Amino acid sequence: MSAEQEKITSSKSGVRPVMPNLSIRPMELKDLDAVVALEQEVFPDPWSKDSFQHELSGNECSSLFVALDGERVIGYSVHWCFDIEAHISNFAVDNNYRRQFIGSFLLGYIISDILRKKIYKIYLEVRSANEAAKNLYLRHGFEIDGTRPGYYIKDKDDAILMSLTLKEGL
Ligand SMILES: CC(C)(COP(=O)(O)OP(=O)(O)OC[C@H]1O[C@@H](n2cnc3c(N)ncnc32)[C@H](O)[C@@H]1OP(=O)(O)O)[C@@H](O)C(=O)NCCC(=O)NCCS
């Protein structure tokens, strides 16, 4: 792999390569079936296809991205940008592609998108038992702000509220 091909990202243990065919682009209608299939595999309370379609076409605050291995959708994200704050509302990586820094790469991409809009505060909620997501966000500088008991209606799981404060020029 040439140096140009090698996408790199930092980790506590140094610098690690990310898959050579990895790319990120805005989600399109043609991605919806693959995104919804992943969503149903990953979450106990998945968003419907209609919900994604609404975010894509009917919500001007919403930004949606897909991570691709070549043409294959292996991750996706949804975030909302308001005047002075952003909210990450959906985020997942295909189970077969985890622990390869895809989530970190996608999260970095989202943070850059939010910074470009001159927004410096990002909020999100994560299930209390979701150690993978909590660790991912903590590694990227998010802090835990508190807990919202019974936030997830279906199984009454608690939500951990997290936020990241960005600085201009990062
Ligand atoms: C959370 C998720 C997006 C992480 O994606 P990923 O591509 O595997 O994450 P990365 O490879 O970039 O991991 C970065 C860091 O996150 C943490 N992490 C990721 N998966 C972890 C796991 N299973 N257990 C503990 N920590 C984990 C680690 O600190 C990891 O760094 P390390 O590999 O050097 O230890 C993925 O597990 C996922 O899609 N989970 C289901 C959906 C979900 O929970 N979405 C978030 C909703 S808020």
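Please read all numbers here as calculations on a predicted model, not as lab measurements. All ligand and atom numbering here is 1-based and tracks the order in the structure.
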Should the ring pair Phe52 and Tyr76 be called parallel, tilted or perpendicular, given that the plane angle runs from 0 to 90° and is split at 30 and 60? perpendicular
Salt-bridge contact Arg127-Asp157 (side-chain N to carboxylate O under 4.0 Å): yes
Heavy atom of Leu124, distance to ligand 1 below 4.0 Å: no
Is it the case that Tyr137 and Glu143 place a side-chain donor and acceptor less than 3.5 Å from each other? no
If you count heavy atoms of other groups shown closer than 6.0 angstrom to CD of Glu71, is the number above 12? no
Mind checking whether Phe105 has a heavy atom under 4.0 Å from ligand 1? no
Reported CG-to-CE distance for the pair Asp145 and Met162, which is rounded to 0.5 angstrom: 8.5 Å
Ligand 1 versus Tyr137, non-hydrogen atoms closer than 4.0 Å: side chain, backbone, both, neither? side chain
The complete set of salt bridge (Lys or Arg N to Asp or Glu O under 4.0 Å) pairs with one or both residues in residues 78-98, sequence neighbours excluded, reads Arg72-Asp94
Hey, which atoms in ligand 1 end up nearer than 4.0 Å to a heavy atom of Glu125? 48 (S)
Report yes if Ala133 has an N/O atom closer than 3.5 Å to an N/O atom of ligand 1; otherwise report no. no
Can you find an N/O atom of Tyr97 closer than 3.5 Å to an N/O atom of ligand 1? no
Pairs of nitrogen or oxygen atoms closer than 3.5 Å, one from Val126 and one from ligand 1: do any exist? no
Evaluate the side-chain proximity of Ile74 to Val93: yes if any heavy-atom separation is below 4.5 Å, no if none is. no
N or O contact, Gly103 vs ligand 1, cut-off under 3.5 Å: yes
Applied to residues 109-121, the salt bridge (Lys or Arg N to Asp or Glu O under 4.0 Å) test, sequence neighbours excluded, yields Asp113-Arg116, Asp113-Lys117
For ligand 1, which part of Arg99 has a heavy atom less than 4.0 Å away: the side chain, the backbone, both, or neither? both
Between Leu136 and ligand 1, which part of the residue brings a heavy atom under 4.0 Å of the ligand: side chain, backbone, both or neither? both
Mind checking whether Ser104 has an N or O less than 3.5 Å away from an N or O of ligand 1? yes
